[in-house]
There are 2 protein chains.
Amino acid sequence: MSKSGIKQVAALCGVSPATVSRTLSNPDIVSEKTRDKVLKAVELCGYTPNRFGASLRTQKSGNIVVIIPDITNSVNAGIIRSIENAAAKVGYSVLLGDTQRDPEKVKHYAAMVRSGQVDGILLFSHQFPFDLKEDSSLLHHLPPMVNSCEPLALDNICKVMINNTAAAKMAVNHLLDLGHRRIGAITGNMDAPSSQERLAGYTQALQEAGIEFSVELVVDGNYQIESGKLGATKLLALHNRPTAIFCFSDNIAVGAYSALYEAKIEVPQQMSIVGFDDTEFSGYLNPPLTTVHQPLIEIGQQCMRLLLAQLNAKPISNKYVELPVQLIIRNSTAKISH
Amino acid sequence: MSKSGIKQVAALCGVSPATVSRTLSNPDIVSEKTRDKVLKAVELCGYTPNRFGASLRTQKSGNIVVIIPDITNSVNAGIIRSIENAAAKVGYSVLLGDTQRDPEKVKHYAAMVRSGQVDGILLFSHQFPFDLKEDSSLLHHLPPMVNSCEPLALDNICKVMINNTAAAKMAVNHLLDLGHRRIGAITGNMDAPSSQERLAGYTQALQEAGIEFSVELVVDGNYQIESGKLGATKLLALHNRPTAIFCFSDNIAVGAYSALYEAKIEVPQQMSIVGFDDTEFSGYLNPPLTTVHQPLIEIGQQCMRLLLAQLNAKPISNKYVELPVQLIIRNSTAKISH
DNA sequence: TTATATTCTGATAACGTTTTCATAGAGCAT
DNA sequence: ATGCTCTATGAAAACGTTATCAGAATATAA
């Protein structure tokens with residue numbers, strides 16, 4: 001069967017190409033008789049509309065790009081899965097923009113909106129993805145875009161976020177409630193707003209409890225497992241070691257568990273641990289990890305909802321959506337022992 | 001700045017659109033003088049070629065789709081990351097086809113090649129992704145495509161695989177070498193060829209060691225954590241429990257660890273565990289997990305290499321690529337205790 | 001200088017849709 | 001019948017590129 005275009009189909013059933021197009025994209029405006037005729041011919045030819053032709057005419061690609069630092073991170077993966085689901089439901093395809101934290105790749109993927117390759121952008125980065133010097137009008141005529149997880153320092157942009165500060169505070173307060181006074185922290189990448197905010201939450205919680213902030217108790221991590229192991233090792237080496245550690249990600253907690261295991265320190269009897277993310281495995285760690293649950297599915301859905309509104313030029317009542325988090329208390333935290 | 005097409009650029013620097021096009025896509029065939037002129041105008045206009053126009057003309061989208069069951073699985077995520085990397089290097093973009101094991105979604109994404117939305121397919125599924133009844137010529141004129149991880153039952157297709165049978169055998173032999181005679185297994189989805197092959201490897205290893213196969217020792221899993229926990233619990237409840245468990249994935253091993261922890265059975269003193277995948281966290285489990293390493297990066301690279309060859313109509317010397325695996329021995333396996 | 005080969009460039013024709021505009025026909029009231 | 005409104009259709013014009021082809025300009029050889 002040779003390649004069948006809309007013309008072949010039209011010829012086969014004796015109508016114009018226009019009618020075939022209408023039948024497929026707007027069936028209601030064509031009479032039932034011709035509709036059946038056309039549909040039959042379409043079936044017979046195995047005709048699928050060519051995307052290029054349609055896109056060229058409509059100036060819509062039907063694609064969106066999700067720009068995200070690392071798809072291997074399970075938080076990111078969970079969000080992307082949710083996005084893919086939501087996008088598929090409304091007929092969009094998702095292009096994967098895994099950037100490996102390379103600023104150039106961020107720009108590269110964002111530029112796809114200029115060439116028409118994608119219609120909109122889901123940006124999980126705090127880096128502004130365009131060269132303003134190249135087209136300064138961009139700041140005022142931004143393409144359809146929503147920003148999530150790592151907030152951009154710009155306020156006319158749709159965002160879906162969690163309140164990292166409040167979440168961190170909640171986690172630390174839990175430890176305080178259990179009687180802990182020396183609470184360590186292992187951070188994420190400190191250039192990431194999320195990590196800065198979590199640190200702020202940690203600090204505030206201590207302050208409100210009247211506990212003096214101690215520099216030695218917060219060690220730099222990067223959200224990865226290994227940094228958790230290193231960080232915990234450092235905290236353990238402290239002259240006056242903490243009785244609890246707030247890990248800025250579940251990955252960090254895994255690393256911390258490993259360090260504690262090797263040091264033969266029991267969780268939670270000798271050390272309480274709190275994580276962040278509630279990734280799938282956190283309930284299966286030994287002991288199961290107390291952690292802050294992030295609503296990955298809702299994040300993806302809200303991102304898609306806001307992007308879709310922009311794509312369809314619908315009004316958006318609220319550009320900033322904040323999703324609730326939840327502290328999941330498992331067995332990695334316990335009352336301080338005396 | 002209004003939308004600038006190739007015509008505006010051409011007008012601005014006094015050449016024809018054709019010359020602008022040539023300057024951008026095939027600079028060598030245009031004189032240095034005009035090239036500079038054109039490039040300057042391009043810069044000035046901030047011109048980016050419209051993808052639709054180009055694609056319509058060339059019939060190439062510059063996209064590939066990766067059809068994969070679940071991006072949330074870290075093996076899959078690792079492979080996709082590698083694919084994205086390799087694809088970006090040669091100028092292709094990757095469309096994410098997360099199928100959630102829905103056969104309809106597999107077909108949906110594969111059909112993108114018909115509409116021209118993508119130029120090629122990377123298929124991580126054993127399901128043939130086309131309706132043959134719709135176009136029977138497909139079997140002989142397959143679109144550019146490579147199949148990986150879960151083999152299709154078709155042999156004129158490019159494949160990049162690991163030898164699951166040999167890998168499983170290697171894992172089980174390791175346990176046999178340590179003196180284990182009752183070795184349990186927790187499988188993946190048994191409809192997946194990978195799981196069938198691993199089971200075959202398990203069986204063969206036992207057989208070659210002269211150990212009788214015992215049905216009660218192999219329990220059905222689905223590669224997920226929870227199935228590992230359930231599976232291990234079942235094995236522990238056995239009248240004559242095994243001394244070692246071969247888990248068909250690291251996720252399963254995590255679940256097994258959890259069950260063992262709750263049952264207060266020590267790994268590896270009372271129970272040896274072997275995993276499969278060597279995902280990032282496996283080295284940080286307590287104890288660190290002995291597992292079979294899968295070369296995720298190479299898998300992605302080889303997939304891209306083979307697909308690219310097809311996209312460029314290059315000859316392919318070897319349609320079947322088998323990548324080596326490696327047994328990583330850590331601390332979850334030990335000599336049987338008496 | 002002329003003839004010939006070579007390098008560049010421009011006009012033009014696709015590529016395959018969708019959408020606008022106009023018109024033919026159908027239905028309805030007068 | 002006549003006029004009128006609707007509905008359904010077709011013709012034709014985009015959409016923005018790139019590739020072919022032919023011709024102009026330039027270089028090379030005689």
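So that the names make sense, note that chain A is the first sequence line, chain B the second, and so on, each numbered from 1.
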For the residue pair S61(A) / Q117(A), report whether a side-chain donor-acceptor contact shorter than 3.5 Å exists.
no
Could you tell me whether the side chains of S194(B) and E150(B) share a donor-acceptor contact shorter than 3.5 Å?
yes
How do Q59(B) and A18(B) order along DNA chain C: which one's closest nucleotide is nearer the 5' end?
A18(B)
Can you check the R114(A) CZ to dG16(D) C1' distance for me, whole Å?
15 Å
Report the distance from atom CZ of F52(A) to atom C1' of dT18(C), rounded to the nearest whole Å.
17 Å
At under 4.0 Å, does any side-chain N or O of Q8(A) touch on OP1 or OP2 of dG16(C)?
no
Verify the contact: side-chain N or O of T19(A) to OP1 or OP2 of dG10(D), cut-off strictly under 4.0 Å; return yes or no.
yes
Could you state the NZ-P distance from K7(A) to dT17(C), rounded to the nearest angstrom?
9 Å
Using atom CZ of R22(B) as one end and atom C1' of dC8(C) as the other, report the distance to the nearest whole Å.
8 Å
Identify the two heavy atoms, one from T23(B) and one from R35(B), that lie closest to each other, and give their separation to 0.1 Å.
CG2-CG, 3.6 Å
On a heavy-atom basis, the closest approach of V38(B) and V15(B) is CG2-CG2, 4.1 Å
N50(A) atom CG is separated from dC15(D) atom C1', nearest whole Å, by 13 Å
For the pair made of CZ in R51(B) and P in dT17(D), what is the distance, rounded to whole Å?
12 Å
Send over the distance from L56(B) CG to dA19(D) P, rounded to a whole Å.
12 Å
Using a cut-off of strictly less than 4.0 Å between a heavy atom of the residue and any atom of DNA chain C, enumerate the qualifying residues of residues 25-34 of chain B by number.
V30(B), S31(B), T34(B)
Roughly how many Å is it from CZ in R57(B) to P in dT20(D), rounded to a whole number?
7 Å
Locate the shortest heavy-atom distance separating C158(B) from I316(B); write the atom from each residue and the value.
SG-CD1, 3.7 Å
